Amino acid sequence: MTSTATRGQTLAFPDGFVWGAATAAYQVEGAAREDGRGPSIWDTFCRRPGAIAGGHTGDTACDHYHRHAEDIRLMDRLGLDVYRFSVSWSRVQPDGRGAVNAAGLDFYERLVDDLLEAGVTPYVALYHWDLPQALEDRGGWTDRDTAYRFADYAKIVQDRLGDRVRTWMTVNEPWVAAVLGYGIGVHAPGRTSWADAFRVSHHLLLAHGLGVQVLRGGGAKEITLPVNLAPVLTPGQVNDPSLELSPEDAEAVDRVDALINRQFLDPVLRGRYPERVLPIIERVAGLGHIHDGDLAAIGRPIDLLGVNYYTPCVVRSGPGEPANPAYPGTEDIEFTGAYAPTTATGWPIVPTGLSALLLRLTRDYPGVGLLVTENGAAFDDAVSGERVHDADRTAFLEGHLRAAHAAIEAGADLRGYLVWSLLDNFEWAEGYNKRFGIVHVDFDSQRRLLKDSGLWYREVIRRNGLWRERARRPTLEEVAARAGVSRSTVSRVINGQATVSPEFRQTVMNAVDELGYVPNSAARSLVTQRTDTIGLVVPGSPDGADDPLFAAVVRAAAHSLEASGKQVTLMLGGSVGSRQRVEQHVGAGHLDGVVFVSTAGADPLLSALVRTGVPIVSLGRPSAPITVPYVASDDAGGARAAVTHLLAQGRSRIAMICGPLEGTAAQDRLAAYRDGLRDAGRRSIVAMGDYSRSSGARAMSELLQDDPGLDAVFAAGDLMAVGALSVLREAGRRVPEDVAVVGFDDAEAAAYTVPPLTTVRTSPADQARAAVRLLLRHLDGGPVSSVILPAELVVRSSA
């Protein structure tokens with residue numbers, strides 16, 4: 001089952017591999033008050049002011065309750081093997097206990113029978129977060145009794161459907177239900193108690209174990225627990241999984257992995273909690289809720305582990321960092337996020353994370369098969385006539401299926417893949433603002449329309465695999481070149497605007513057909529009206545936000561834009577919410593262009609803004625694979641000049657204090673330093689800093705301890721050089737007689753240190769003005785190319 005064959009040009013999946021799609025009751029059914037259904041915690045939570053974006057509710061959702069026959073016809077068109085749906089507990093037992101609502105069970109019986117008649121296998125999930133409100137009023141999942149009520153409910157559903165349903169799923173994503181619902185309160189029921197969250201996690205696992213006992217006793221053939229899982233990586237491991245970690249980073253990764261993954265995997269598959277987690281649980285919630293016999297019940301054997309994968313969790317050691325609000329016990333750990341393109345929800349897209357996860361599960365938990373029970377992405381789709389061009393989603397799905405295939409080839413026991421989601425639906429706290437479906441739903445008319453991603457998925461299912469070679473998609477530029485028109489003209493034609501003459505419209509459409517072009521978000525977003533407003537986007541709070549160099553960049557860019565007759569909107573992206581607002585503001589067409597003030601090289605916000613199609617110039621060279629015009633200083637040339645100067649002074653043991661390597665400036669300065677020493681036959685000596693004075697001091701102390709004989713230090717930032725000077729002075733080292741010091745940037749303070757600091761001068765203001773000129777040329781349709789401004793060594797007394 002875990003080996004594959006390649007047939008012709010197809011990257012084939014194993015025979016019998018299961019292909020399907022998934023939904024959840026509250027997200028699609030609607031009919032919230034019909035046929036005896038009782039209220040759930042989501043019905044209540046949706047009425048809480050401010051809880052749901054736009055004040056949306058799931059009262060109608062996709063009206064799947066009344067339109068399931070139409071939706072099954074869509075499943076048949078897609079060729080799905082499997083449809084995973086959840087049962088609404090409050091539709092079956094309005095109070096969560098006691099009396100059974102026959103009409104609710106009748107609906108699910110009709111749904112199962114109609115699926116089977118269409119040749120689609122039903123996979124039934126018993127709980128997808130919609131607890132009956134009556135049970136929440138009695139304590140909800142904080143009350144141990146709720147787990148036993150779940151077992152009663154499971155038996156009721158199986159008694160009615162068990163003769164036709166082979167595969168059962170117990171509790172979907174217990175981490176989400178516990179943490180988002182009871183820990184930080186952004187999901188129903190909206191409680192904010194970490195003690196409660198840990199108790200809820202355990203009671204959900206207990207409900208799973210009791211449910212397994214009931215289902216197995218009723219003859220269930222296949223039982224699955226769907227768990228949201230994420231490989232825990234450092235920023236460096238995202239692109240280099242083999243990267244060797246420092247002990248501090250390794251400890252951070254292990255602790256977070258224990259909290260978000262092993263806290264749920266180990267009890268179910270090993271019958272015990274991980275040792276790393278128990279002290280955290282005990283400190284926050286005590287251990288009184290874990291009773292004798294619970295872990296034996298939770299650890300009852302299951303047949304498949306459901307893997308819900310969307311994005312990795314990226315962390316590193318961060319001394320002094322407070323615990324992440326969503327992860328108690330994570331003091332001294334920094335949650336950085338992955339530097340990668342993002343979905344419309346802001347989640348980094350890292351398909352290799354799925355490969356790593358599947359292989360890790362097969363290695364660490366042998367004997368249980370794997371099923372991808374959720375994988376998908378939200379993007380901003382556009383309906384054009386009878387088509388929904390969602391090339392971004394197709395690329396997402398293809399990337400993750402290739403990753404899944406690679407894992408199977410490497411030995412992962414993966415049995416199937418269910419895309420999330422079949423339909424655009426009510427996306428919990430996001431309301432109807434985020435679309436995950438491979439079928440578009442117009443929520444006003446309830447009209448369904450297969451998206452391009454759905455049509456693509458249909459072909460994957462038909463072939464039981466992917467084309468061996470990933471087809472390169474024609475670009476907007478290639479269509480424009482073929483048609484002999486501008487990119488914006490192509491975009492206007494694709495978007496159906498009437499401002500293009502019939503002649504040019506036909507020319508463009510001929511080019512589209514000839515090249516097989518599928519419009520993406522950039523093509524859709526080019527059609528904007530000029531606003532004469534430019535966004536100055538600062539993605540986060542850079543180290544030393546009050547640094548005068550950084551202030552000079554923002555000030556010079558703003559003045560240049562205002563002098564050009566443009567309005568300036570300064571947008572800060574220092575939090576998840578603010579970054580989403582920046583992306584929405586830019587994507588909505590409120591700006592003509594963006595100057596992106598890069599603070600750390602790669603940044604997921606820049607990836608998101610690039611997809612909007614709005615002209616962007618980066619102030620600072622972004623990391624690959626992002627391609628935008630940029631303005632930067634000659635960091636490599638400046639570093640070479642510093643090293644050459646120190647060598648010419650007869651210095652032989654030259655160390656470097658490097659900045660964070662997520663940034664391209666730090667990478668270029670480090671590479672030039674190493675090249676210069678290698679060419680001179682000298683050994684590199686590197687310590688790390690974060691551009692702050694304190695980090696420079698720490699790094700200098702480490703260097704003196706490790707190599708007391710060093711005679712020169714090159715710091716990749718002036719503030720770090722200032723910190724180094726203070727440590728050298730305290731250690732009794734004379735500058736420059738014993739140790740020469742060179743900085744970088746020529747901050748104002750550099751001329752006033754004791755002794756005055758030799759440094760590499762760059763002009764942030766000149767860079768900002770050059771970025772503005774480049775963007776304005778871009779807006780006027782002129783040619784644009786990146787600009788690198790020279791860096792100059794300024795020799796003072798420190799070297």
Side-chain angles (χ1 to χ4, degrees), residues 543 549 633-661 663 665-762 790-799:
D543 294 319
L549 293 177
S633 65
D634 186 2
D635 295 295
R640 278 193 298 270
V643 172
T644 299
H645 174 74
L646 291 170
L647 290 168
Q649 297 295 313
R651 309 290 174 166
S652 60
R653 300 173 73 83
I654 305 171
M656 180 180 182
I657 302 175
C658 183
L661 291 178
Q667 295 168 15
D668 291 347
R669 296 172 192 181
L670 176 61
Y673 158 79
R674 284 176 166 162
D675 290 345
L677 289 189
R678 185 182 61 248
D679 293 345
R682 306 295 183 185
R683 180 173 64 91
S684 299
I685 309 167
V686 178
M688 302 304 297
D690 60 12
Y691 293 123
S692 68
R693 177 174 177 168
S694 59
S695 74
R698 286 194 300 271
M700 190 70 250
S701 297
E702 294 170 7
L703 289 169
L704 288 176
Q705 183 176 357
D706 294 342
D707 193 344
L710 64 84
D711 58 11
V713 175
F714 167 47
D718 284 342
L719 290 178
M720 293 192 295
V722 171
L725 285 172
S726 66
V727 170
L728 289 168
R729 188 163 48 246
E730 292 169 3
R733 300 296 181 91
R734 297 172 301 165
V735 178
E737 291 84 357
D738 298 330
V739 182
V741 179
V742 177
F744 206 110
D745 287 327
D746 196 22
E748 184 177 0
Y752 302 102
T753 60
V754 179
L757 183 65
T758 294
T759 185
V760 177
R761 175 179 293 160
T762 61
E792 173 192 6
L793 184 68
V794 180
V795 179
R796 299 192 181 104
S797 302
S798 70

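Since the structure is predicted, the reported quantities are computational estimates derived from the model, not experimental observations. Just so it is clear, the values below take in all heavy atoms, side chains as well, and ignore hydrogens, waters and symmetry mates.
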Gap between atom [atom2] of [Y] and atom [atom1] of [X] - 0.5 Å precision:
| X | Y | atom1 | atom2 | result |
| --- | --- | --- | --- | --- |
| Gln649 | His645 | CD | NE2 | 4.5 Å |
| Arg640 | Thr644 | CZ | OG1 | 8.5 Å |
| Tyr673 | Ile657 | OH | CD1 | 10.5 Å |
| Met656 | Leu710 | CE | CG | 14.5 Å |

Test item: [X] side-chain N/O and [Y] main-chain N/O as donor-acceptor pair under 3.5 Å:
| X | Y | value |
| --- | --- | --- |
| Asp718 | Ala750 | no |
| Asp745 | Ala747 | no |
| Tyr691 | Pro660 | no |
| Thr758 | Arg796 | yes |
| Asp711 | Ser652 | yes |
| Ser798 | Ala740 | no |

What's the verdict on side-chain contact (heavy atoms from CB on, under 4.5 Å) for Val686 and Arg674, showing C-alpha distance, side-chain angles and the deciding distance? CA-CA 9 Å; Val686 178; Arg674 284 176 166 162; 4.1 Å; yes
Contact check, side chains of [X] and [Y], non-hydrogen atoms, under 4.5 Å:
| X | Y | value |
| --- | --- | --- |
| Glu730 | Ser701 | no |
| Leu670 | Met688 | no |
| Arg678 | Asp675 | yes |
| Leu677 | Ile685 | no |

Can you name the nearest heavy-atom pair linking [X] to [Y], along with the distance?
| X | Y | result |
| --- | --- | --- |
| Gly638 | Val760 | O-CG2, 3.4 Å |
| Pro755 | Ser797 | CB-CB, 3.8 Å |
| Ala716 | Gly659 | CB-N, 3.9 Å |
| Cys658 | Leu661 | SG-CD2, 3.5 Å |
| Val742 | Thr759 | CG1-CA, 4.2 Å |

Run the side-chain contact (heavy atoms from CB on, under 4.5 Å) test on Met700 and Leu703 for me, step by step, so that the C-alpha distance in whole Å, both residues' side-chain angles and the decisive distance to 0.1 Å come before the verdict. CA-CA 5 Å; Met700 190 70 250; Leu703 289 169; 4.1 Å; yes
Which donor-acceptor pairs under 3.5 Å do side chains of residues 719-728 form with protein atoms, sequence neighbours excluded?
from, atom 1, to, atom 2, distance (Å)
Ser726, OG, Gly723, O, 2.7

Determine, for Asp746 against Arg761, whether the closest basic-nitrogen to carboxylate-oxygen distance falls under 4.0 angstrom.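 Looking at Asp746 and Arg761, the cut-off is met.
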Charged N-O contact under 4.0 Å between Arg669 and Asp635: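 Yes, this pair counts.
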Using a 6.0 Å cut-off, check whether atom CD of Glu737 has over 12 heavy atoms from anything other than its own residue.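 Yes, because the 6.0 Å sphere around CD of Glu737 holds more than 12 heavy atoms from other groups.
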Using side-chain hydrogen bond (donor to acceptor under 3.5 Å, both in side chains) as the criterion, list what pairs up with Arg653, not counting sequence neighbours.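 Expected list: Asp707.
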Step by step, would you call Arg682 with Ile654 a side-chain contact (heavy atoms from CB on, under 4.5 Å)? CA-CA 8 Å; Arg682 306 295 183 185; Ile654 305 171; over 6 Å; no
